[in-house]
Amino acid sequence: MPKFYLTTPIYYVNDVPHIGHAYTTILADVIKRYKQQRGYRVLFLTGTDEHGQKIEKSANKQGLTPKQLADSMVERFKQLWQTLNIEYDHFIRTTDEVHIKGVQKIFSKVKEKGDIYLGEYAGHYCISCENFIPESIEETADGKRTCPDCGRPTDNRVKEKCYFFRLSAYGDRLLKFYEENPEFVTPRSRMNEVVSFVKMGLRDLSVTRSTVKWGVPVPGDPQQTIYVWFDALSNYITAIDYLNEGKRFTTYWPADLHIMAKDILKYHAVYWPAFLMAAGLPLPKKELIHGWWLKDEKKISKSSGNVLDPHILLKHFNPDAIRYFLMREASIGADGNFSHEGFINRVNTDLTNDWANLVSRTTGMIEKYFANSFNQPAVYTYKEEEIRGRFGTLEKTALDCFDQYQFNRGLEAIFEYINYLNRYIVEAQPWNLAKEEANQPRLAGVLKTLTRAILSVNALLAPILTDTAAKVRTIFNAPGQDLGWHDLPEVFSILPGMQLFPRVDSKVFFTEVPQEDAAQQAGAAAPQGDAAQQAGAAADAAFSLPTIPDAANVIEIEDFKKVQMVVARVLEAEKVEKADKLLKLKIDTGDGTRTLVAGIALFYKPEDLVGRKIIIVKNLKPAKLRGILSEGMILAASDANNRPYVPILPDDTPVGAILK
RNA sequence: GGCGGCGUAGCUCAGUCGGUAGAGCAGACGGCUCAUAUCCGUUAUGUCGGGGGUUCAAUUCCCUCCGCCGCUACCA
């Protein structure tokens, strides 16, 4: 029996589970069930990433230990997976002993080899993103930098000893590997991104932190903590007992499939293979990269407040509806769009009208015309042969699609066949056959053929529609979900009267669900929510930009006075060549003119600003941008997407006036 | 700015290795009654993003422009 080892990323416990987590995990579950049907012994791994400063901070804020915070979030994830009928085989937590020791083992191994060395890193560190800010981003006057990922100013300048991974030594080997395994990353467009990233040159990667305590300690140097990606990525091997290199490890590694969203591609397709090469371990066979779910065409994010909570959907739908919609509507690689309208439409049309109704009308007739059981001979015609033949074609198409993880296409083909069966009923007109006793065998032939076709299709749908498929098997008294054309015993009976898939009332759906969604987003649900939910909300709050300064952020008036802000008039403005976002401004500050570069070109045209009175920070240390010396900073408000809004003062504001 | 991708019916998308295009949904009309007011049939609409080129012929190839998306650089 061939093995198949597949993984989802481990989810960061600072996040409440959302539709994106659900999608990745459902996709993995569908693949697991499908592979099992195809005769693989599958190991399906998921889990949680629980380390890092962010967790430490969140936990402190709530008076919890990081582990307690993680525990509550883990429960939340596990509950959701259960509700969605996710059958993972193992749930790894980065706080598991076997993981911690396993990470230390890889670390030591790579260090022995000389690919981890002690160095010193001085740089700005974004706690929120757990990333150093690149050197290329220059400092502001107060010695801060803005994190390019989240736009937040960095808290602190970190200068520390830390261990580096010699990533720079792996560029050529990685490129060679990609060349020899062009299918390593799917879809191909993502593979291209990886290749071009590596071709630009790789820098060594710092893999430990002395400033972070909540994590895996470096063996032999407990001052240092192994940090994010080295820790997190290792879960794929520590979970299967890399520590002892036990049977599970030798059986299942290398992984057959890592599944993830596009935002963590680089780590999985560049860092992870390099780590493994350094540790002398085989590389995973394939990485499947999917897009993000958009809600009503907009990116889902906490800052824009449109997080899609799977729990709300699950209150109104059975899990199959969600599983089906997500598999049917997204093509791997592209972003999927989640709209309530699209969801209800897809579910009601396909699942209720087409599939459930096909089963319902078939069982209805068997009940009505044969009192639920067959024990008489049946007559078949060429038409029934055709139905069987077309199922063969369908199955081949569907399995081909599934093998390439194109579930949307496979499902499309399956539903085409379901429609064909609905048409067959109209053509055969069983209700007319039923009118004459002489037609009984023919009628039996039609209904038996329908039963066989339904059971055959049901097996194809089973990996996706788990509960529904089980219901169909119960109705027709047919256990087993093997692929292929299903046979029937000479004599058999069915168990009708079960509603396969309830139709969703769109009125209820359109009023109740958006309300709950909105309530959730407004945080109104928090008071009666469980501890984990509050933990999640608190964690969110801790990392959104504060609107009211908390005690730690209060400054003295003296601090404020250090910043000299004055009114300036824009004399000239032009776009900086070879830079999308930069405008070069020549301004009059009352006591002379100076040049200033501002990253607002996406939203402001030069002519929007010429002649206008704006506010600038006058005593900012000059910085070179694209070769132009910028002597000061224009003041602009910035929204969650970093879109700038430049305050324009009244025309009669005197140039050089001081803001205080 | 560099690299890559995309732009096809109201919506979501398929397709054309060059001979003016389709599937589902939504819409209109009709039919059936076994079925969860379900199902079946018929049906509309498109300068296939704009412009230019190659060709007997382009939506399909080439160039260019516009718009959108991804990676990347830039955001004092």
query = With a 4.0 Å cut-off on heavy atoms, is Arg503(A) in touch with a base, just the backbone sugar-phosphate, or nothing at all?
reply = base

task = Identify which one of Asn357(A), Asn353(A), Leu351(A) satisfies the side-chain contact (heavy atoms from CB on, under 4.5 Å) criterion when paired with Arg503(A).
result = Asn353(A)

request  = Tell me what Leu358(A) touches on the nucleic acid: a base, only sugar-phosphate, or nothing, going by heavy atoms under 4.0 Å.
outcome  = nothing

query = Now, which nucleotide makes the Watson-Crick or G-U wobble pair with C17(B), with each of the two distances under 3.5 Å?
reply = none

note = Testing C34(B), C25(B), G70(B) for proximity to the side chain of Thr349(A), the answer is C25(B)

ask   = With nearest nucleotides of RNA chain B determined for Glu416(A) and Asp263(A) from heavy-atom distances, which residue corresponds to the more 5′ nucleotide?
value = Glu416(A)

inquiry  = By the 4.0 Å heavy-atom rule, please label Val597(A) as base, sugar-phosphate, or nothing.
reply    = sugar-phosphate

task = Output the distance between atom CG (Leu447(A)) and atom CD1 (Ile454(A)), rounded to the nearest 0.5 Å.
result = 9.5 Å

request  = Give the rounded distance in Å between these two atoms: CD of Gln429(A) and P of C39(B).
outcome  = 18 Å

query = Taking any strand in view, what nucleotide pairs with G67(B) in a Watson-Crick or G-U wobble way, both distances under 3.5 Å?
reply = C6(B)

task = Check every strand shown and say whether Ser189(A) touches a base, only sugar-phosphate, or nothing at a heavy-atom separation below 4.0 Å.
result = nothing

remark   = Here the distance between atom P of C40(B) and atom CG of Asn422(A), to the nearest Å, is 5 Å

task = Classify the angle between the aromatic ring planes of Phe184(A) and Tyr178(A) as parallel (below 30°), tilted (30 to 60°) or perpendicular (above 60°).
result = parallel

Under 3.5 Å on both distances, the Watson-Crick or G-U partner of U47(B) = none

inquiry  = Rounded to whole Å, how long is the line connecting atom CG of Asn432(A) with atom P of C39(B)?
reply    = 20 Å

Leu351(A) vs Arg346(A), nearer the 5' end of RNA chain B by closest nucleotide = Arg346(A)

key: Asn353(A), nearest nucleotide to its side chain (from G70(B), U38(B), A35(B))   = U38(B)

key: Closest nucleotide among G70(B), U36(B), C40(B) to the Asn419(A) side chain   = C40(B)

inquiry  = Just the rounded figure in Å: distance from P of C39(B) to CZ of Phe415(A).
reply    = 12 Å

request  = Report which part of the nucleic acid Tyr369(A) touches: base, sugar-phosphate, or nothing (heavy-atom distance under 4.0 Å, all strands).
outcome  = sugar-phosphate

inquiry  = From C-beta outward on Arg361(A), which listed nucleotide comes closest to its side chain: U72(B), C25(B), C39(B)?
reply    = C39(B)

inquiry  = Between Glu386(A) and Tyr420(A), do the side chains contain a donor N or O and an acceptor N or O under 3.5 Å apart?
reply    = yes

task = Give a yes/no answer on whether the side chain of Arg423(A) brings an N or O atom under 4.0 Å of OP1 or OP2 in G41(B).
result = yes

key: A58(B) pairs with, by Watson-Crick or G-U criteria that keep both distances under 3.5 Å   = none

task = Using the P atoms only, state how far G19(B) lies from C62(B), rounded to an integer number of Å.
result = 15 Å

query = Taking CG from Asp354(A) and P from C39(B), how many angstroms apart are they, rounded to a whole number?
reply = 6 Å

query = Counting only side-chain N and O atoms of Lys266(A), is one of them less than 4.0 Å from OP1 or OP2 of U72(B)?
reply = yes

key: Inter-nucleotide P distance (C11(B), G53(B)), Å rounded   = 31 Å

message = Taking pairing as Watson-Crick or G-U wobble with both contacts under 3.5 Å, can you name the mate of G30(B), or confirm there isn't one?
response = C40(B)

query = When rounded to the nearest Å, what value does the distance between C1' atoms of U38(B) and A57(B) take?
reply = 48 Å

request  = Give the rounded distance in Å between these two atoms: CD of Glu329(A) and P of C25(B).
outcome  = 13 Å

request  = Check every strand shown and say whether Arg409(A) touches a base, only sugar-phosphate, or nothing at a heavy-atom separation below 4.0 Å.
outcome  = sugar-phosphate

key: Same-atom distance (C1') from G22(B) to A37(B), integer angstrom   = 30 Å

inquiry  = A side-chain contact here means heavy atoms from C-beta on lying under 4.5 Å apart; do Ile614(A) and Leu635(A) qualify?
reply    = no

query = Hey, does Thr352(A) reach any base, or is it just sugar-phosphate, or nothing, if we go heavy atoms under 4.0 Å?
reply = base

request  = Pick base, sugar-phosphate or nothing for Asn192(A), based on heavy-atom distances below 4.0 Å to the nucleic acid.
outcome  = nothing

task = From the options Tyr23(A), Phe343(A), Phe407(A), select the one residue that forms a ring pair (Phe, Tyr, Trp, His ring centres under 6.0 Å) with Phe325(A).
result = Phe343(A)

message = From CD of Glu412(A) over to C1' of C13(B), roughly how many Å is that when rounded to an integer?
response = 8 Å

ask   = Is it true that Lys266(A) and Glu193(A) make a salt bridge, defined as a side-chain N closer than 4.0 Å to a carboxylate O?
value = no

request  = Please determine, for G1(B), whether a Watson-Crick or G-U wobble partner exists with both distances under 3.5 Å, and give it or none.
outcome  = U72(B)

query = Between U38(B) atom C1' and Trp431(A) atom CH2, what is the distance in whole Å?
reply = 12 Å

message = With rounding to the closest Å, how many angstrom separate the P atoms on G52(B) and U60(B)?
response = 13 Å

task = Using Watson-Crick or G-U wobble geometry with both distances below 3.5 Å, tell me the partner of A23(B), or none.
result = U12(B)

